[in-house]
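First the structure, in the form of structure tokens, and then the observations on it.
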Amino acid sequence: MNFAAQAAERLAALGRISDEPERLTRLFAGPGMRRANELAGSWMIEAGMTVRQDAIGNLIGHFPGAGRKTLVLGSHLDTVRDAGLYDGALGVVLAIACAAQMRQSGRPLPFSLDVIAFADEEGVRYQSAYLGSRAAAGSFDPRDLERRDAAGATMSDAIRAFGGDPARLDSCRLETANMLGYVEAHIEQGPVLDKAGHAVGLVTSIAGQTRARLDFQGRAGHAGTVPMDLRQDALCAAAQFILEVEQCARQTPGLAATTGQIAVEPNASNVIPSVVQLSLDVRHQADAQRQDACRRLKEVLNSIARSRQIECSWHTVQETPSVPCSLALSAMLREAALRHQPGLMALPSGAGHDAAVMAGIAPMAMLFVRCRDGVSHHPDESVQPEDIAAAFAVLVDFATLLAERHERL
Ligand code: HGY
Ligand code: MN
Ligand code: MN
């Protein structure tokens, strides 16, 4: 079977593994992740790798090579709610296939090859992204273990129930002294490559992110009897803030800001809302710009609180700095890509990736793969088989170039 057909079959198989019956949702340490790890683990073994699952649930395939160095390839197997087939899974399928190809080539590999399927890049279940890669990079915050999901289960209980060990997350830390680098292939999740007619592209940097939770505390009341000028309506305050966030992002070049989640109490049609909880996601390639935008939004929040006599509070849940890709690894990725595509674009990633965390412990590079109309985080996510084949060829050529030149890194 050719690689593209195998990849399509494997992505479809992963797409059928979900925590929800009607749509693809595979969350950290859930039943879907267990089955996805089993399936991807079987592919790693087929590729000639030894396989282990670490204490947080990362799946790690190891292909021994000569020498002490290790190249790490990977992406994530968790998804958002109602996800597409390719975000994360494509990078894992490509990495396993690249390892299999390097083994089948018969040429001895001058470094070991690890493939990691990270346990939680999206952060959907516990509102804290990159749990798997943070554990692997040694930057996991143990206080996160006490976070509770929507059902009230703590992260540590979820890890234990999954078969992991929350008391031994230090053991997830990768050996970095001999790590050549981390390279991730991932769909672009934007329209740039599609508009340019390019199958693959090179990533220059990954945007920094601020994820926050905003609480609005107003006063419940009867929808029919409380006069409009005497209300402390938490939902109206939140609605005003949401539009201010949109305006701030529209007016700040390069800023993306999103309020994706909202919870309203008591959530009854005839009661003035008393409590609202809102998520906020702010991103920019330049950290100073992102931080300045957050400062301005905090001022807006305080002004709304005063004018509406609402208590508002901002809780920063997670901050991830903008990270540049390794010039040396990217140059090799560029050389490999130009063998398969006459022109090559280099573009920043507005989306976050485990690569942003791995950049903290090793040189990092990313290969973007075109996705139709840039649609992602949606079941309409779509990648052409020939683009998957192109990405595979680039990744194999990159690993081959690295095998020839790794001493010069
Ligand atoms: O949200 C993101 O940027 C990524 O898809 N987790
Ligand atoms: Mn995603
Ligand atoms: Mn992703």
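Index from 1, following the sequence.
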> Is there a side-chain contact (heavy atoms from CB on, under 4.5 Å) between His186 and Val203 once you walk through the steps?
Replying inline: CA-CA 10 Å; His186 197 288; Val203 177; over 6 Å; no
>> What verdict does the side-chain contact (heavy atoms from CB on, under 4.5 Å) test give for Asn178 and Phe111, after you've listed the backbone C-alpha separation in whole Å, the side-chain angles of each residue and the deciding distance to 0.1 Å?
In response: CA-CA 9 Å; Asn178 294 313; Phe111 46 74; over 6 Å; no
>> Please evaluate residues Gln384 and Arg370 with respect to the criterion side-chain contact (heavy atoms from CB on, under 4.5 Å), reporting the C-alpha separation (whole Å), side-chain torsions for both, the decisive distance (0.1 Å), and the verdict.
In response: CA-CA 8 Å; Gln384 293 307 308; Arg370 167 172 50 185; 5.7 Å; no
> Going through the distances and angles, do His284 and Asp292 end up as a side-chain contact (heavy atoms from CB on, under 4.5 Å)?
Replying inline: CA-CA 10 Å; His284 200 287; Asp292 179 58; over 6 Å; no
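Looking at Arg147 and Val317, their side chains come closer than 4.5 Å, going by heavy atoms from C-beta outward. Between Arg23 and Arg81 there is a side-chain heavy-atom pair separated by less than 4.5 Å. At least one side-chain heavy atom of Asp354 sits less than 4.5 Å from a side-chain heavy atom of Tyr182. The side-chain heavy atoms of Arg405 and Glu335, taken from C-beta on, include a pair separated by under 4.5 Å. Side-chain contact check for Arg26 versus His76: every heavy-atom pair is 4.5 Å or farther apart. Looking only at side-chain heavy atoms (C-beta outward), Val192 and Phe368 stay at 4.5 Å or farther from each other. For the pair Leu14 and Leu39, the minimum side-chain heavy-atom distance is below 4.5 Å. Residues Asp78 and Met33 form a side-chain contact, since some pair of their non-hydrogen atoms from C-beta on lies under 4.5 Å apart.
The two residues Cys98 and Leu73 come nearest to each other via the heavy atoms SG-CD1, 3.9 Å. Ile56 approaches Ala119 most closely through the heavy-atom pair O-CB, 4.0 Å. Summarising the geometry of Gly32 relative to Ile17, their closest heavy-atom pair is O-CG2, 3.2 Å, with the distance given to 0.1 Å. Taking each heavy atom of Gly181 and Leu71 in turn, the nearest pair found is O-CD1, 3.6 Å. The minimum heavy-atom distance linking Gly343 with Leu338 is given by the pair C-CD2, 4.1 Å. When every heavy atom of Cys172 is checked against every heavy atom of Ala55, the shortest pair comes out as SG-N, 3.6 Å.
Taking the charged nitrogens against the carboxylate oxygens, Glu38 and Arg34 have no contact shorter than 4.0 Å, which rules out a salt bridge. Ion pairing between a basic and an acidic side chain is recognised when a charged N comes within 4.0 Å of a carboxylate O; Asp215 and Arg213 show such pairing.
Applying the salt bridge (Lys or Arg N to Asp or Glu O under 4.0 Å) test to Asp165 and every residue at least two apart in sequence or in another chain returns nothing.
Atoms OG and CG, from Ser382 and Asp387 in turn, are 9.5 Å apart once rounded to the nearest 0.5 Å. To the nearest 0.5 Å, atoms CG (Leu174) and CE (Met179) are separated by 4.5 Å. Distance check, rounded to the nearest 0.5 Å: CG of Leu301 to OG of Ser313 gives 7.5 Å. Put simply, OG1 on Thr79 and OH on Tyr86 are 14.5 Å apart, with the number rounded to the nearest 0.5 Å. Distance CG/Leu131 to OH/Tyr126: 9.5 Å, rounded to 0.5 Å. Here the straight-line distance linking atom OG1 of Thr70 with atom NE2 of His62 works out to 6.5 Å at 0.5 Å rounding.
Judged by distance alone, with hydrogens and angles left aside, the side-chain atoms of Glu121 form no donor-acceptor pair with the main-chain N or O of Gly88 at under 3.5 Å. Panel note: side chain Asp373, backbone Val375; no donor-acceptor pair is recorded below 3.5 Å. A donor-acceptor distance shorter than 3.5 angstrom exists from the side chain of Glu188 to the backbone of Leu193, with no hydrogens or angles considered. Judged by distance alone, the side chain of Gln318 and the main-chain N or O of Ala129 form a donor-acceptor pair under 3.5 Å. Between the Gln127 side chain and the Val124 main chain, a donor and an acceptor come within less than 3.5 Å of each other. No side-chain donor-acceptor contact under 3.5 Å links Ser376 to the backbone of Glu381. In this structure a side-chain-to-backbone donor-acceptor pair under 3.5 Å is present from Ser112 to Gly65. Within the 3.5 Å criterion, the main-chain N or O of Gln232 finds no donor-acceptor partner in the side chain of Arg219. The backbone N or O of Val396 sits less than 3.5 Å from a side-chain atom of Thr400, completing a donor-acceptor pair.
Using the six-membered ring where Trp is involved, Phe3 and Phe392 have ring planes that are parallel, under 30° apart on the 30 and 60° scheme.
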Please output the side-chain donor-acceptor pairs of residues 322-334 that fall under 3.5 Å, not counting sequence neighbours, one pair per line with the distance.
unit_1 : atom_1 : unit_2 : atom_2 : d
Ser322 : OG     : Ile206 : O      : 3.2
Ser322 : OG     : Gln285 : O      : 2.7
Ser326 : OG     : Ala328 : N      : 3.3
Ser326 : OG     : Leu329 : N      : 3.0
Ser330 : OG     : Ser326 : O      : 2.6

Can you give the donor-acceptor pairs under 3.5 Å from side chains of residues 249-273 to other protein atoms, not counting sequence neighbours?
unit_1 : atom_1 : unit_2 : atom_2 : d
Arg250 : NH2    : Glu246 : OE2    : 3.3
Thr252 : OG1    : Cys248 : O      : 2.7
Thr252 : OG1    : Arg296 : NH2    : 3.3

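Each of Arg211, Arg283, Arg290 was scored for a salt bridge (Lys or Arg N to Asp or Glu O under 4.0 Å) with Glu319, with one residue passing: Arg290.
Within 6.0 Å of the CD atom in Glu311, the count of heavy atoms belonging to other residues, nucleotides or ligands does not exceed 12. The number of heavy-atom neighbours closer than 6.0 Å to NZ of Lys298, taken from other residues, nucleotides and ligands shown, is above 12. Within a 6.0 Å radius of CZ in Arg68, no more than 12 heavy atoms belonging to other residues, nucleotides or ligands are found.
Looking at Glu184 and Ser75, their side chains do bring a donor and an acceptor atom within 3.5 Å of each other. The closest side-chain donor-acceptor pair between Thr154 and Glu146, if any, does not fall under 3.5 angstrom.
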